[in-house]
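Counting begins at 1 with the first residue of the sequence. Remember, it's 1-based here, ligands and their atoms both numbered in the order they're listed.
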Amino acid sequence: MKTAILGLGIIGRAWAENLRKDGMPPAVWNRTPKDFPGFEADAARAVSGADLIMVVVADPPAVQEVLQRIAPSLRAGQVLVQCSTISAAWTRRFASQVERTGALFLEAPFTGSKPAAEVRKTVFYLGGDIGAMEKARPVLSRLSQAMMHIGPLGSASSLKLAMNANIAMVMEALSESLRFARAEGIPDDVFFQALQVNVSRSGVSDLKEAKLKAGDYAPQFSLKHMDKDLRLALESAGALALPQLQRLKERYDEGMKRGFGDEDFSVLARLL
Ligand code: NAP
């Protein structure tokens with residue numbers, strides 16, 4: 001199976017490297033040219049020989065731009081796997097654009113940031129056509145520890161946004177708790193040792209402990225993308241009351257204004 005990966009950001013690069021290690025080198029494209037084996041300067045050429053096309057770019061406008069570039073080259077028999085985190089409404093819109101070309105569309109947001117992608121611990125949330133999922137399985141299973149079919153088209157994107165809302169709020173709770181402990185003179189090592197055996201220990205605290213202790217905000221998952229995910233969640237929620245999420249989004253707005261967008265989303269701890 002021939003694969004093309006469109007988007008060589010943090011995640012696309014990790015996936016492309018893993019497929020190369022498996023002897024399945026993908027054709028790759030990125031808006032800003034990259035020195036990477038298999039790089040094609042033209043997105044349409046990158047997808048022309050591919051059975052499976054993975055799109056993993058920033059946000060809905062980025063997905064739209066990629067689809068505009070490749071739509072004339074898409075054809076029946078290909079599967080487009082849309083992995084970027086977007087909303088259900090955008091997913092349905094892009095699916096209809098792709099399906100008009102005869103290609104299949106698979107909704108495939110995922111969880112697991114840079115370290116997980118590097119060691120194939122990504123988990124894909126899949127929505128829509130089961131047939132498209134089965135066609136994509138040989139490649140997605142190499143890149144991930146699990147593939148979960150969530151439901152009809154749009155459901156996987158909604159679940160992904162719900163999960164990120166939870167992660168963002170857990171991260172904020174951890175940051176404020178640590179801030180208080182530090183102010184009370186508790187050393188970070190003691191705080192995290194106690195957390196290991198406390199009911200509030202979380203995947204987020206395990207993942208971010210070293211970064212918070214070191215004040216290292218190099219991105220595993222950037223603030224600007226979490227900001228985008230909270231915006232998409234609140235847009236999708238409409239009039240639904242999500243009071244803490246709305247308040248937290250204001251802190252993300254502040255982080256963006258302060259120029260922290262390209263840093264890890266744990267950088268909000270600095271605003272405290
Ligand atoms: P990233 O490192 O910031 O890379 C973003 C990619 O999008 C780059 O390839 C960038 O190209 C491209 N892009 C941005 N605007 C574009 C446009 N208008 N047209 C074409 N390409 C455009 O992002 P990432 O961390 O890999 O994340 C990619 C997606 O996965 C996002 O939707 C994110 O929310 C989601 N995600 C990420 C993680 C994570 O932990 N990193 C986890 C789960 C989900 P340039 O190089 O030209 O800017």
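Without hydrogens or angle criteria, N18 side chain to L143 main chain gives no donor-acceptor distance under 3.5 Å. Side chain of E107 to backbone of G154: a donor-acceptor contact under 3.5 angstrom is found. The main-chain N or O of A50 is found under 3.5 Å from a side-chain atom of Q78 such that the two form a donor-acceptor pair.
Atom 5 (C) of ligand 1 has as its closest protein heavy atom A58 N, 4.1 Å. Taking atom 30 (O) of ligand 1 as the reference point, the nearest protein heavy-atom neighbour is F110 CZ, 3.5 Å. Counting only heavy atoms of the protein, atom 38 (C) of ligand 1 lies nearest to F221 CD1, 3.5 Å. Nearest protein neighbour of atom 26 (O) of ligand 1, counting heavy atoms only, is I11 N, 3.0 Å. Protein heavy atom in closest approach to atom 40 (O) of ligand 1: S113 CB, 2.7 Å. The nearest heavy-atom contact from the protein to atom 22 (C) of ligand 1 is A62 CB, 3.7 Å. Of all protein heavy atoms, the one lying nearest to atom 18 (N) of ligand 1 is E65 OE1, 2.8 Å. Here the protein heavy atom with the shortest distance to atom 47 (O) of ligand 1 is T32 OG1, 2.5 Å.
The ligand atoms of ligand 1 that sit less than 4.0 angstrom from a heavy atom of K228 are 31 (C), 32 (O), 33 (C), 34 (O). With ligand atoms numbered from 1 in the order given, ligand 1 contributes 9 (O) to contacts under 4.0 Å with heavy atoms of G7. Close approach of ligand 1 to G112 is summarised as follows: ligand atoms under 4.0 Å from at least one heavy atom of the residue are 42 (C). Short contacts between ligand 1 and S84, defined as distances under 4.0 Å to a heavy atom of the residue, involve ligand atoms 32 (O). Numbered from 1 in the order shown, with element, the atoms of ligand 1 that lie under 4.0 Å from a heavy atom of K160 read 43 (C).
The closest non-hydrogen atom to atom 24 (P) of ligand 1, taken over I10, V123, I167, T85, comes from I10. Evaluated by nearest non-hydrogen atom to atom 48 (O) of ligand 1, the leading choice among R31, M226, Q82 is R31. For atom 31 (C) of ligand 1, the candidate residues are I5, N30, T122, V57; the nearest heavy-atom contact is made by V57.
Counting heavy atoms under 4.0 Å from ligand 1, residue Q220 touches it through the backbone alone. Neither the backbone nor the side chain of T111 comes within contact range of ligand 1; no heavy atom lies under 4.0 Å.
Under the 4.0 Å criterion applied to side-chain N and carboxylate O atoms, D264 and K208 are assigned as salt-bridge partners. The pair D59-K224 fails the salt-bridge criterion, with no side-chain N (NZ, NE, NH1 or NH2) lying under 4.0 Å from an Asp/Glu carboxylate O. Remark: K2 does not engage D51 in a salt bridge, criterion side-chain N to carboxylate O under 4.0 Å. Of the charged side-chain nitrogens involved, none lies within less than 4.0 Å of a carboxylate oxygen, so that K257 and E254 do not count as a salt-bridged pair. Look at E17 and K21 and you find no salt bridge, because none of the NZ, NE, NH1 or NH2 atoms lies under 4.0 Å from a carboxylate O.
Ring centroids of F124 and W15 are separated by less than 6.0 Å, placing the two rings close together.
Considering all non-hydrogen atoms of both residues, S205 and L195 come closest at CB-CD2, 3.5 Å.
Side-chain N/O atoms of S157 and T91 include a donor and acceptor closer than 3.5 Å.
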